[in-house]
There are 2 protein chains.
Amino acid sequence: MPQKPFVSAQEVAERAGVSRSAVSRTFTPGASVSPETRRRVVEAAEALGYHVNHLARGLMRNESGIVCLIVSEMSTPYRANLIRAMTQQLQNAGKIAMLINTDRSDGSVDLALRQAIRYRADASIILSGMPDRSITQLCLKNGQRLVLINRDDDQQGPLRINLDDAEAAGRVVTAFVRAGCRRLAFANSQAGTPSLMAREHGFVAAAKTMGLPVRVERHGPTDYESGRVLAQRLLTLSERPDAVFCATDLLACGFMDAARHQFRVAIPDQLCVVGFDDIEQAAWSSYDLTTFAQPVEMIAREAVAWLVNESGQAAGDDSVRFQPNLVWRSSVRGG
Amino acid sequence: MPQKPFVSAQEVAERAGVSRSAVSRTFTPGASVSPETRRRVVEAAEALGYHVNHLARGLMRNESGIVCLIVSEMSTPYRANLIRAMTQQLQNAGKIAMLINTDRSDGSVDLALRQAIRYRADASIILSGMPDRSITQLCLKNGQRLVLINRDDDQQGPLRINLDDAEAAGRVVTAFVRAGCRRLAFANSQAGTPSLMAREHGFVAAAKTMGLPVRVERHGPTDYESGRVLAQRLLTLSERPDAVFCATDLLACGFMDAARHQFRVAIPDQLCVVGFDDIEQAAWSSYDLTTFAQPVEMIAREAVAWLVNESGQAAGDDSVRFQPNLVWRSSVRGG
DNA sequence: TTGTATGCGTTATCAA
DNA sequence: TTGATAACGCATACAA
């Protein structure tokens, strides 16, 4: 039950013996105010503990400075790292991040966007889930900018940042073949997101052109435990694969652990493994996993640069595509 | 350069043929409005795509619904998990999280709190760093609630949530002794935060009462790489330790990897290891680390419950203490 | 239950 | 450069 604890520009003005406008101008970059007036205002503000009310400022300027980050499973290494990069870039650009967790229900991405509208966020960045078309249209109509990361949607209006998953997956086939592998497998979750499916299809397609069949297995959520289950499925086959491409590093870690500790499979001697994301753990020496590095910093930079760009929304093609970098480590022979 | 894209209550009122107040009341829980009026308002709002402006509402009510999360190194497993739990709990309580990254400079916690004040956040939750006393006083004076997680500060006013680190550390000595270990070591970073130091001191003190000396080593930031370095230091001693308590799981993972892969030390046969935090990776079978589980969900629940609690700030003693749970795994003999 | 009028803390406009 | 005044969108005291 808050009273009126915050000090207003009015009070500062009175103490400094100037008008509210003078106070406002003092805290508005690029406004004209005399050095003497500024000094008195700053002094009074300091003494009173005055801070500009961004709620009111946002109301006036119709620009809150808020950018919504909409994300599920935010504690997984890749997501957490992306959030870190995003908040940092946003702050550098003078914006502030509002974080919305969509772990609960399925329509919660829409709910999150509604929340973004209520707080008059200047923009929303969607890291997971797919919003309904009607709600994205509502955002855009309300002048709110939208960024979709790895969503691979074909909607016009939002900025779409994607990786070339299929092309990357193709490179894995080449690597496996060079390492002398012939019995390929793909380990995926059942999440079915565009990125994951693109990796799967890209891998299968590239293998097909080389005349190699691929055993595809899918299971559960995209996490460590699913990786273990997938290893149990693939390593108990009569025809055991000698190379596995896991859709993410988390799956790969689980897969490798089960392969080594449960099935006594030597990596890379008996089995080559490749992951995706280059999470921190991939570099840990227990895994030393060959994987694709997502250009997290570039993604964040690109997204924020587009958001703060004043040139309307017509910046030509609002779609950016990055090539993930293959990081060679010891989970694949040769290299 | 946003125009006037958002639809206001005024427009809804006109379309519904009622007054602005009627619209306001329709969206204010517990306000008196007739079913018929409500129906017409809701219909008009739906058609126009109206959403209450929380900036304006916050201005009126002097309550923004915003809670600031101030955190550094937010992509580390423990922090990321705490952020996830916090955002979830906040949303359940009808609040929204604003995330501020303080990775950059040292005074940035103060800067973050200033930002929180500017957005008139109802509360701030500090997960890392120590704010200056003057700035916390400013927050409190402005009616903003403050929660300090694992900061172990003695300030009055904020809610302080802490673990009993020292007591937990004492239990590790007992476990090591039971496992037959005699040459104890403590591996710490140079961060010097209250939690880490409490673990160190608690461990050393408990060992002393049992007449056992402890080799303490500190190095770098609190991460995986430091764990490796610490292993290099401790495992090249002429008198090699047979038990190591690492201040965090991240340090422990690095330590174990270096111990096994670089020094061919068998865990737990030749060396017992205990960590702290129970991050997800601690349960991965490459580590299977005995460690202390932080009650993350309870911490988040407690913090949010205190924040939304209407009963002034005089809820007696604003300090909560949790006992971390020792999770037994295979990095310690016996168990 | 409904409408009218007032105020929340800003910034933008305009005249001085 | 400065100050008075009008918005911004909403909630609420009060009168009807």
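In what follows, every heavy atom counts, from backbone to side chain, and hydrogens, waters and symmetry copies are set aside. All chains are named by letter (A, B, ...) in the order of the sequence lines, taking the proteins before the strands, and each is independently numbered beginning at 1.
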Between C1' on dC8(D) and CD on E11(B), what's the gap in Å once rounded to a whole number?
13 Å
Separation of atom CD in E63(A) from atom P in dA7(D), rounded to whole Å
22 Å
Answer yes when D122(B) and K95(B) have at least one side-chain N-carboxylate O distance shorter than 4.0 Å, and no when they do not.
yes
How does protein reach along nucleotides 10-16 of chain D, written 5' to 3' as B (base within reach of a heavy atom under 4.0 Å), S (only sugar-phosphate), or - (no contact)?
BBBB---
Applied to residues 44-54 of chain B, the side chain to side chain donor-acceptor pair (under 3.5 Å) test, sequence neighbours excluded, yields R114(A)-H51(B)
Computed from five pairs at either end and rounded to 10 degrees, the angle between the axes of the helix from dT1(C)-dA16(D) to dA16(C)-dT1(D) is 30°
Mind calculating the distance between CG (L48(B)) and P (dG9(D)) to the nearest angstrom?
13 Å
Output for pair (R160(B) CZ, I149(B) CD1), nearest 0.5 Å, gives 12.0 Å
Provide, to the nearest angstrom, the distance between the CG atom belonging to N62(A) and the P atom belonging to dG9(C).
20 Å
Would you kindly give the CZ-to-C1' distance between F6(A) and dT10(C), to the nearest whole Å?
15 Å
Pairs satisfying salt bridge (charged side-chain N to carboxylate O under 4.0 Å, His left out), at least one member in residues 13-27 of chain A, at least two apart
none
Starting at atom CG of N142(A), determine the distance to atom C1' of dG9(D), rounded to an integer number of angstrom.
14 Å
Report yes if the side chains of Q144(A) and L140(A) come closer than 4.5 Å at any heavy-atom pair, otherwise no.
no
Any ion pair linking E36(A) and R39(A) (charged N to carboxylate O, less than 4.0 Å)?
yes
note: R118(A), atom CZ; dG9(D), atom C1'; distance rounded to Å ~ 16 Å
Keeping to residues at least two apart or across chains, list the salt bridge (charged side-chain N to carboxylate O under 4.0 Å, His left out) pairs with something in residues 71-81 of chain B.
none
Mind checking salt bridge (Lys or Arg N to Asp or Glu O under 4.0 Å) for R120(B) and listing every partner two or more places apart, or none if nothing turns up?
none
